[in-house]
Every structure is written in structure tokens, then in C-alpha cells.
Amino acid sequence: MASSSSLGRVLTLCKRFQSVFRISPAISVQHCAVNLKRCQNNLLSFVGQRRALHTTVSRRGLEEFFDQPENWGEPNVKSGAPWTAKQLRTKSNEDLHKLWYVLLKERNMLLTLAQEAKRQSLQMPSPERMKKIERSMVRLDTVVRERETALRLLQTGQEKGRPGDWRRNVFGYEYWYRFKEYTIPWYMNKRHERKKFYTPHFVQPHIRLRIERFLRERARKVNLKRKTLAKLKERFPQMKLPSS
Amino acid sequence: MSVTKMVYPLYQLGNPQLRIFRPSWFLTLVRPGKEQPPDTVQFRIPMDMTKYDVKNYLEKIYNVPVGVVRTRIQFGSNKKRNHLNQRVKKPDYKVAYVQLAQSQTFTFPDIFPEKDRTLKEGSMEEMQEKFMEDEKQRQKSDPRRGGVTEWFGL
């Protein structure tokens, strides 16, 4: 539940600051939650004092596409570190779901800011925020997908949600072909008939040439390594060769 | 069901409503190039979003009352060439014109206002500013010469 999560605690922290300092009500809560991503030091003093309440965050609509008005025109805007996969794995599913939307709104805000800066030919304040958000979202997605595969394995024994198969294409490569939903069966599908899931025999010489090229490149790498080590050994006779 | 590369399941009569959790669609609010009516907001949206998607997105996530959405695809030019004379493509994008319901209006705000910055005494920025001003002063010519160039005269 949000009440026990750090996200909820950050929200309540901001709410408390809000009542003390009387900053503009709605947006600050939303943005505090994002900007103080991993700011732990403020929370330590409040742990155990009061149960966090569930608060509805700002509903200001289109204002959420922009930063707080205090940050407009600033050359730098402070932001915390991105979320790591390790931290995200400790969160519950509801928390991750809510965090996704927080990150989504922040990303939309940064995109609008970047576009406006390009329009006005000015520098966007602290552009590293975009990469942080992107990475956090990617990690969140991986964590959720991990949980989904684990659940699917336990319930059905299938690893992948979308069925597929290992098939060979015209060029001799074996690849994971993912099935697609059709309204008609495969033997009635005229276009699908033209697709070849086998390698014709006249492609064999080309495959052989490919294999030869691959072997040559691998041999070249091995030789290069051996020669550099020999040179180093000549130059530094007492050198200990690395074990590899 | 997450959305990285959206694969829509086939719909047949009686199927449940398609729902998307954790959408990976990002909107950019842009300042309109041409003058727009006061209730119109202009967005740049991903190419695979539809009008209904935009409406639901704004209503559910941002709680914005949306009336009508109109979209168009802007072609990004392929005319410019780089130093190797290869054509460089500017990416295409979809533009959505969203008209707000409940007679709400929206004007694009000025996000980069001029702020007079008072530098802190003894800070790095202040010292740097002073140094730059001194350098500029040294580069200027003698004001007593009245704009006459250095090489003129004795």
C-alpha cells in the first residue's frame, strides 16, 4: 500500500512542508515526489512519528505538462538519482504501477520543456533528467516483466506470453519466429504461403562462405592476442602472462 | 499488459474492451505555429496513437476534459543533405489538436522568463563574472581617442 511505501512517505513529507511554507498547493506535491527521487535524509526524522495518509495528488490537468512556476527560467534544476532495478524490486505492484505514471508525467513535462527550448533557441535546464527518467522506466518495465514471467511459469509452465517457434529463414539463419493472430487458418492464407521457412539448396555455398569468413575473423582475433602477448613478453621478460 | 511494441489482439464481436496498463506513449505539448482558437491545445504524439487513444489518455491520466481531437501526420523533410551529399531525413511526427470541453481555455505559458540573477557574494559565479568584465574592459580602446582606430596617428 502507498501508506507504507517510501513514495507515500515522500508525498506526506511534501504535504507537511506545504502546510508549513504555504507553497502553491497542487503541483508541488506531484513534483516533490519526482524530484526527491532518492532523498532519504529528509525522511529519517519522520519515520515512526506518524502514519502516512493516502493523499490524492494534484489534479491540475494541463499544468502538469510544465514544471513548477518557480523553476521557470532557472539555468539548473536539481533532481535525484534514477531508480535502480534493485530498488524497484523491493516495491509492490501497486507502487510500481503508480510510479510508472509519475515517471510518465515527468517525462512528458521534460519533452515539452525540451521542445519549447528548441523553439526559443535556448538551453534546456538540466537535460540529464531525460536519461534518468528513461532508464528508470526501462528498469521498471524489466522488473514487471520478470514478475510476469515468474507468475506465468508457476501457473502455466510457459515462459513466454506470446507463442513462438525456432524457424529457419531463406538465408540459412535460425531465428525465434513469433506467432501472429490471424482470422483465417494458415493453409488458407495465400500471402503466408509465399513465406519460406526453409533454406533452398542453392543458398548452401553462400552459407559456407559465411562460415569461412567467421572462422577467419575468429582466427585473426586469436592470432592478434597471441602476437601481442609475445611482443610484451619480449619487451618485459619478467612479466606474468594473464590466465585466459 | 505492457506496451513496448504494441500488438493488438484481434477483436471479434463480444470480446472484452481492450485495456492498456502502463502505456509507453509520451505526449509533447507544443506552442502552436499558427494561431489557434483559445480552447485548442496542440500536442505531438507517437505515430501509432489514435484520436480515441489521445482522448482516453488525457482524460484518465491528466483528468483533462477533452471534447474533440483531430490529428494529422507531419512529414519530416528528406531534402537536406549532409557533408557526404546523402539525404538526411527529419523524422515524421503526428500532431493532435485537442479541443477542451466545459468551455475551458488554455494559453501556452512563457517557460523561459527573464530572471535577474543576483549573484551570491564571494561565490564562484560572481568571481567569474568580475573576471570576464575586467577582460572586456581591457580589450576596449582608450575612450579619450573618441572612436578613432589605434593604427591612425603618430
Side-chain angles (χ1 to χ4, degrees), chain A residues 56-67 69-75 93 96-125 130 133-134 137-138 140-142 144-145 148 161-162 178-184, chain B residues 1-13 15 20-33 39-46 54 57-66 90 93 95 98 100-102 104-117 119 125:
Chain A
T56 41
V57 202
S58 71
R59 309 286 210 90
R60 291 289 87 185
L62 289 171
E63 280 178 16
E64 286 179 313
F65 275 102
F66 305 102
D67 212 349
E70 298 94 57
N71 289 342
W72 293 0
E74 294 288 323
N93 283 332
L96 289 182
H97 191 88
K98 288 173 191 171
L99 183 61
W100 179 270
Y101 288 98
V102 170
L103 293 172
L104 185 112
K105 286 192 194 179
E106 179 75 5
R107 190 155 167 183
N108 286 347
M109 186 269 285
L110 292 173
L111 283 168
T112 46
L113 193 65
Q115 187 56 43
E116 182 63 16
K118 263 189 239 176
R119 185 63 159 274
Q120 311 278 356
S121 324
L122 292 167
Q123 246 190 7
M124 173 188 167
M130 290 234 52
I133 289 269
E134 218 171 322
M137 289 186 102
V138 165
L140 207 160
D141 199 36
T142 35
V144 169
R145 241 184 285 131
E148 273 176 4
R162 185 171 165 188
R178 294 192 302 162
F179 296 155
K180 193 180 145 186
E181 263 191 281
Y182 293 96
T183 39
I184 48 174
Chain B
M1 187 180 62
S2 93
V3 182
T4 31
K5 179 81 205 307
M6 192 63 218
V7 178
Y8 296 98
L10 282 179
Y11 179 80
Q12 283 164 328
L13 189 66
N15 282 8
I20 297 168
F21 304 112
R22 298 185 300 112
S24 63
W25 288 322
F26 308 107
L27 309 190
T28 316
L29 227 178
V30 295
R31 187 188 288 272
D39 61 343
T40 306
V41 192
Q42 193 170 332
F43 289 99
R44 282 197 193 178
I45 61 178
V54 172
Y57 190 102
L58 288 173
E59 279 177 346
K60 299 272 161 62
I61 302 180
Y62 282 91
N63 201 30
V64 170
V66 168
K90 284 193 182 152
Y93 55 90
V95 181
V98 174
L100 302 169
Q102 292 159 23
Q104 283 186 5
T105 54
F106 177 79
T107 48
F108 199 92
D110 179 22
I111 312 181
F112 296 99
E114 285 297 321
K115 274 193 186 172
D116 45 309
R117 309 162 291 143
L119 297 162
E125 286 89 29

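Letters go in sequence order (proteins before strands), and every chain restarts at 1.
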Residue A:Gln120 versus chain B: region with a heavy atom under 4.5 Å:
side chain

Which distance, rounded to the nearest 0.5 Å, do you find between the CG of A:Leu104 and the CG of B:Leu27?
8.0 Å

Derivation of the side-chain contact (heavy atoms from CB on, under 4.5 Å) call for B:Phe108 and A:Arg119
CA-CA 13 Å; B:Phe108 199 92; A:Arg119 185 63 159 274; over 6 Å; no

Counting C-beta onward and ignoring hydrogens, is there a side-chain heavy-atom pair between B:Ile111 and A:Thr112 closer than 4.5 Å?
no

With rounding to the nearest 0.5 Å, note down the distance linking OG1 in A:Thr183 to CD in B:Gln12.
8.0 Å

Separation between OH of A:Tyr101 and CD1 of B:Ile61, rounded to the nearest 0.5 Å
5.5 Å

Can you check whether A:Trp72's main-chain N or O pairs, donor with acceptor, with B:Lys115's side chain at less than 3.5 Å?
yes

Residue part contacting chain B, namely of A:Pro125, when any heavy atom lies under 4.5 Å
side chain

Looking only at heavy atoms and a cut-off of under 4.5 Å, which of A:Arg162, A:Arg107, A:Met137 has the most pairs with chain B?
A:Arg107

Quick one: do B:Tyr62 and A:Lys105 satisfy side-chain contact (heavy atoms from CB on, under 4.5 Å)? Show the steps, please.
CA-CA 9 Å; B:Tyr62 282 91; A:Lys105 286 192 194 179; 3.6 Å; yes

Counting only heavy atoms closer than 4.5 Å, note whether A:Ala117 contacts chain B via side chain, backbone, both or neither.
both

Can you measure from CG (B:Leu29) to CD (A:Glu64) and round to the nearest 0.5 angstrom?
12.0 Å

Report the distance from atom OG1 of B:Thr28 to atom CD of A:Gln115, rounding to the nearest 0.5 Å.
6.5 Å

For a 4.5 angstrom cut-off between non-hydrogen side-chain atoms, does B:Tyr57 reach A:Asn108?
yes

Sub-4.5 Å side-chain heavy-atom contact between A:Leu113 and B:Phe112:
yes

May I ask you to check whether A:Phe65 and B:Phe106 place their ring centers less than 6.0 Å from one another?
no

So which part of A:Glu181 gets closer than 4.5 Å to some heavy atom of chain B, the side chain, the backbone, both or neither?
both

Does any heavy atom of chain B fall under 4.5 Å from the side chain of A:Leu122, the backbone, both, or neither of them?
side chain

